[in-house]
Amino acid sequence: MTSPQQPQPQPQPEPHDTAAPGAAAPMPPAGAPEPPAQPPAEQPEPRPLAAHPQPEQPPAQAPVPPQAGPAPQEGGPAREAGTMTLQAQQPPAAAPGKEAGTMMLQAQAAPQGAPLPPQGAPKDAGTMTLQAQQPPTAPPQQQPYQPQQAPQPPQQQIPAAWQAAGPGGAAPAYVSPIPVRRTNLGHALASEWTKIRSVRSTMWTLGVMIVLNVGIGLMAAVAIAGLGHPTTVVFGSAWFGLLLGTLCVIPLGVLVISSEYGTGMIRTTFTACPSRGRVLTAKAIVLFGLTFVITTVSTVLVAVLHAGMIDGPAPTADQWLRATLGSGLYVAVLSLLALGAGTLLRHSAGAISAMMGLVLLPMLLAVFMLSSESLRPVAKAMIEYSVPNSLGALYDTAFMPGGPSGWQPLLILVGVTAVVLGGAYAALEKRDV
């Protein structure tokens with residue numbers, strides 16, 4: 001708000017002073033005689049201000065416009081000098097620290113209808129105010145563009161088949177075009193057969209086992225035949241390659257189930273077949289059948305080579321069965337033992353290491369324990385019931401003659417495998433995947 005002060009009469013300026021642009025004529029003092037009206041003096045042509053053109057000066061009787069008039073030209077007639085007062089306008093209350101606006105000097109016009117004084121008489125000074133120009137308001141902030149989604153037509157709600165069908169429903173019961181059959185063990189067998197024949201580990205392990213069994217068996221037969229001495233047991237050296245072949249079957253039995261735990265495929269398997277016992281049974285059947293067929297075929301080929309190349313008594317039927325069928329069953333049951341170990345441990349490396357230790361460690365420890373008199377009975381028992389000695393007993397060439405013989409090694413291995421598989425079934429049903 002501004003508080004204008006009352007204009008005070010001031011002495012007339014010197015003739016060489018010029019009136020301030022935009023100053024209004026002063027009012028005559030009260031009680032002074034009114035001077036005779038004089039015709040208005042000729043006004044010189046005004047010069048427009050830069051960038052602010054102003055209209056021409058109206059006659060003396062007209063009110064003075066608010067804009068300042070142009071200054072007279074040099075050499076023209078002298079104009080009346082007005083009296084100017086400077087008034088300070090109180091600035092509006094503003095917050096501290098706010099930037100000042102642009103200051104503009106503006107002359108305030110005199111009230112309309114006031115008579116003009118004669119030339120040379122003192123005039124009232126116009127009120128000079130300093131106004132702060134408000135900064136331009138910021139344009140409204142534009143909101144980010146949001147694409148308008150086209151209105152979607154209302155979807156017709158179709159009642160479910162189980163809601164529309166039934167005694168209270170209007171539609172008949174829904175019948176799926178896909179035949180729905182109850183799953184059984186045959187489906188699980190087909191699934192496991194697809195898995196075991198479609199992975200590379202099966203081809204590598206069984207392929208290496210065949211090469212070791214047949215290759216080493218053939219080399220042993222050629223070496224013994226080259227000596228030219230008859231032997232008491234024709235199949236005495238036919239199991240050397242099979243012993244090394246068992247080291248390839250053990251990883252296969254472990255990987256049948258542990259690989260699914262490692263990749264997470266076991267969750268899909270149990271989702272498709274919630275009966276976990278059925279899944280383990282299908283794995284055992286497929287693994288046993290595949291290992292038994294491959295091992296039996298390779299051992300039959302080795303037995304035929306030894307019988308035809310080595311000089312000695314003709315083998316009996318029992319010897320033929322144990323050297324072919326018995327050895328195939330022994331290796332197949334050993335693969336089931338590896339399957340049980342993989343189910344219990346759920347880790348490929350751990351289960352394979354445990355099975356290798358079971359096959360080889362007893363024989364190796366017994367060799368070092370034989371030097372001690374007190375540990376010799378323990379070492380002898382460990383050798384007699386070890387896997388290499390049991391496999392040699394099927395061919396009538398065991399390391400220790402006092403251990404299991406004939407079909408006994410196979411029966412012992414079947415008993416141990418049954419215990420381990422029983423624990424695997426129980427752990428599979430109780431533990432989470």
Side-chain angles (χ1 to χ4, degrees), residues 188-217 239-266 269 279-302 324-361 386-388 390-391 394 410 413-414 416-418 420-421 423-425 427-428:
L189 290 173
S191 174
E192 297 303 327
W193 169 246
T194 303
K195 293 178 186 178
I196 199 171
R197 69 180 174 84
S198 59
V199 295
R200 297 179 180 178
S201 60
T202 304
M203 299 178 61
W204 279 102
T205 53
L206 293 181
V208 172
M209 187 202 71
I210 294 173
V211 171
L212 291 175
N213 189 15
V214 177
I216 296 178
W239 60 279
F240 293 160
L242 187 60
L243 178 60
L244 297 176
T246 57
L247 302 181
C248 300
V249 175
I250 288 173
L252 176 63
V254 171
L255 292 174
V256 165
I257 191 168
S258 63
S259 61
E260 293 195 34
Y261 278 104
T263 59
M265 183 66 182
I266 194 67
T269 302
V279 172
L280 186 57
T281 302
K283 288 180 180 294
I285 293 175
V286 171
L287 177 64
F288 179 86
L290 181 62
T291 308
F292 172 74
V293 171
I294 298 297
T295 307
T296 303
V297 170
S298 61
T299 53
V300 167
L301 181 58
V302 173
T324 55
L325 185 62
S327 59
L329 290 174
Y330 191 90
V331 175
V333 173
L334 190 62
S335 67
L336 293 182
L337 182 62
L339 174 64
T343 307
L344 290 173
L345 299 180
R346 298 185 176 187
H347 194 270
S348 300
I352 292 174
S353 301
M355 287 301 300
M356 291 296 181
L358 180 65
V359 173
L360 302 176
L361 193 58
S386 63
V387 172
S390 300
L391 191 59
L394 292 174
L410 178 60
L413 183 62
V414 169
V416 174
T417 304
V420 174
L421 279 178
Y425 274 100
L428 195 63

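Note that the coordinates shown come from a computational prediction; the quantities given were computed from them, not determined experimentally. Index from 1, following the sequence.
Around atom CE of Met356, more than 12 heavy atoms belonging to other residues, nucleotides or ligands sit under 6.0 Å away.
Each of Asn213, Ile216, Val211, Val208 was checked for a side-chain contact (heavy atoms from CB on, under 4.5 Å) with Leu244, and the lone residue meeting it is Ile216.
Contact detail for Leu345 and Ala354: the closest heavy-atom pair is CD1-CB, 4.3 Å. Nearest heavy atoms, Gly328 versus Thr296: CA-OG1, 3.7 Å. Arg346 and Ala427 make their closest contact through NH2-O, 4.5 Å (heavy atoms, listed as atom of the first residue, atom of the second, distance). Closest of all the heavy-atom pairs between Ala351 and Val254 is CB-CG1, 3.4 Å. Closest approach of Ser348 to Ser258, counting heavy atoms only: OG-OG, 2.8 Å. Val214 approaches Ser298 most closely through the heavy-atom pair CG2-CB, 4.1 Å.
Here the CG atom belonging to Leu391 is positioned 7.0 Å from the OG1 atom belonging to Thr246, to the nearest 0.5 angstrom. Here the CG-CG distance, from Leu410 to Leu334, works out to 11.0 Å after rounding to the nearest 0.5 Å. With rounding to the nearest 0.5 Å, the separation of CG in Leu247 from CG in Leu212 is 8.5 Å. In this structure, the separation between CG on Leu287 and CD1 on Ile285 is 11.0 Å, given to the nearest 0.5 Å. Put simply, CH2 on Trp204 and CG on Leu255 are 15.0 Å apart, with the number rounded to the nearest 0.5 Å. Remark: Ile250 CD1 to Leu360 CG distance equals 7.5 Å, nearest 0.5 Å.
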Side chain to side chain contact (heavy atoms under 4.5 Å, CB included) between Leu290 and Ile196, worked out: CA-CA 9 Å; Leu290 181 62; Ile196 199 171; 4.1 Å; yes
Stepwise side chain to side chain contact (heavy atoms under 4.5 Å, CB included) test for Leu413 and Ser390: CA-CA 9 Å; Leu413 183 62; Ser390 300; over 6 Å; no
Trp239/Leu394 under side chain to side chain contact (heavy atoms under 4.5 Å, CB included): CA gap, chis, key distance, verdict: CA-CA 9 Å; Trp239 60 279; Leu394 292 174; over 6 Å; no
Stepwise side chain to side chain contact (heavy atoms under 4.5 Å, CB included) test for Lys195 and Thr269: CA-CA 11 Å; Lys195 293 178 186 178; Thr269 302; 2.8 Å; yes
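At a threshold of 4.5 Å between non-hydrogen side-chain atoms, the residues Leu329 and Phe288 count as touching. No side-chain heavy atom of Val420 sits under 4.5 Å from any side-chain heavy atom of Leu339. The shortest side-chain heavy-atom distance between Leu280 and Thr343 falls under the 4.5 Å cut-off.
Using a distance-only test at 3.5 Å, with no hydrogens or angles considered, a donor-acceptor pair links the side chain of Ser327 to the main chain of Thr324. In this structure, Thr205 contributes its side chain and Thr202 its backbone to a donor-acceptor pair below 3.5 Å. Distance alone, capped at 3.5 Å, places no donor-acceptor pair between the Ser191 side chain and the Ala188 backbone. Looking only at distances, no side-chain donor or acceptor of Thr295 sits under 3.5 Å from a matching main-chain atom of Phe292.
In the model, Thr281 has a side-chain atom that pairs as donor or acceptor with a side-chain atom of Tyr425 under 3.5 Å.
For residues 283-298, the set of pairs meeting the salt bridge (charged side-chain N to carboxylate O under 4.0 Å, His left out) definition, not counting sequence neighbours, comprises Glu192-Lys283, Glu260-Lys283.
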